[in-house]
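In this chain, residues are counted from 1 in sequence order. Just so you know, ligand 1 is whichever comes first in the structure, and atom 1 is the first atom listed for that ligand. Values below: every heavy atom of this structure, side chains too, minus hydrogens, waters and symmetry copies. What you see is a predicted model; the values in this text were computed from it and never measured.
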Amino acid sequence: MTSLRLLLVLVLLQFAGLLAWQDYKDYKVFELKPQDANQLELLRQLAREQPHWDILGTRRSYNESGLRVLVAPNQVNSLLKQLKTHHIEHQLLWNDMSLLLRDQRAENERSKSRSTLPFIDVLGGFYTHAEINEYLESLPQRYPQRALLKQFGRSYEGRALKLLTINNGDGRRKKPVILIDATMHAREWIAPSFALYIIQQLLDHNVEHAELLKDYDWVIMPVVNADGYEFTHTDSRYWRKTRKPTWDPENIGTDLNRNFGYEWGHDEGSSADPAEEIYRGEHAFDQPESQVVRDVLLHYSDRLDFYLSLHSYGNYFLLPWGHTSAFPSNYFDMMEVADAGAMAIVQATNGIYSYGSGYHLMYPTSGDSIDYAVGVANATVAITMELPAGGFLGFDPWVSHIEGIVTESWVGVRAMALEVIRRYQTRS
Ligand SMILES: *[C@@H]1O[C@H](CO)[C@@H](O)[C@H](O)[C@H]1NC(C)=O
Ligand SMILES: *[C@@H]1O[C@H](CO)[C@@H](O)[C@H](O)[C@H]1NC(C)=O
């Protein structure tokens, strides 16, 4: 191709990119201040009735003080009317989200341009699924004895879902496993960053972390919801679900973390309505991406001591069960693992994590991956880690905040892994 034609194609591609990008022009953010449990319950109800008002926080904690809602310009009047009717205190925080997103994109592009694939600087940017895969593919060559890359399946749109196994190269096979996945929810960008940071710690600093790898293999899947994640880079920054169409032509996507086949659809822990962010799908495992995680969990089920699913945000270690107020039989052992993580973090940075069963700490959830990991795949310990909030809506930390979040989080994950190893390594 001549360079002129190449240039033309590039310009057109960039133009197409601009057209596809939902720029959130004049989208507004309000802070809502519910005064009591009744008002909070009302907001939770509104969040379900009006799924297109993205009321952040209503599904997080009854005690969260500052809820935020992101609304399209044409929805502002009806939101304000509802708030007035129910006497809910509120204030406009941000008048035009497009400005913030433009700055964030510029920061990311500027910062990323300093690293050259396949090497990436985890602390210097948020990477796309394709960039992350390119990096993962380079690892077995760089660490032939210690890194093994497998493909376990493909996303709905055909993206390769990769799984990296890290060991210490001693040749011992079938060690017990610490399994980590990230990015079931597309917009939670700090999650894949943290998964990559863990990979770099274990590979580049393997001597320092010898204890973590002596009797355990680490298996890491940085991007589960590859289509949704890509969509947050190309089209819509706050997309959460998958990209597979539903029976409802108006709504695309399923919440992967409500799609797992253990007590799927139980009570109020998920939604049958494709308009909602917690839509569970038509059947358990009707999403190729949850099938992949299921297959990985089952593949390691006879030696899975620790399953950690990375999400954001909120500073929680959520344990099973999500679907019932009852507790799994080794709940208090799991609590001690979470306790080790929380204590290590508070000592290191004064960061505060809450921990306990998802049902009690947050709200009922059904069909989530930790319930499946313990209920079906016999994981010894399973934890959903809600990483700290960043940026304006919690999901959108600035590049400059990545380092602080991932280094703190690593202190916690390392401490939890050491506690798991201390408790269960005699089995190996
Ligand atoms: C959360 O709110 C409930 C009800 O108002 C209260 O009983 C509880 O102590 C609060 N928990 C925390 C951690 O603040
Ligand atoms: C989990 O453990 C139970 C009880 O020991 C066993 O029957 C079941 O087959 C195990 N599940 C898997 C996936 O191996």
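Gln287 and Thr254 are linked by a side-chain donor-acceptor pair at a separation below 3.5 angstrom, with hydrogens and angles left out of the test. In the model, Tyr216 has a side-chain atom that pairs as donor or acceptor with a side-chain atom of Asp305 under 3.5 Å.
For Asn74, the side chain to side chain contact (heavy atoms under 4.5 Å, CB included) partners at least two apart in sequence or on another chain are Ala72.
Between the side chain of Tyr307 and the main chain of Thr380, no donor-acceptor pair closer than 3.5 Å is present.
Paired with Asp227 under the rule salt bridge (Lys or Arg N to Asp or Glu O under 4.0 Å), one option of Arg159, Arg154, Lys241, Arg243 passes, and it is Arg159.
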**OP:** Take Arg48 and Glu268 through the test salt bridge (charged side-chain N to carboxylate O under 4.0 Å, His left out) and record every step on the way to the result.
**Re:** CA-CA 12 Å; Arg48 296 197 70 153; Glu268 284 295 283; 3.5 Å; yes
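Near ligand 2, residues Leu298, Ser301, Val376, Asn378 come within 4.0 angstrom through at least one heavy atom.
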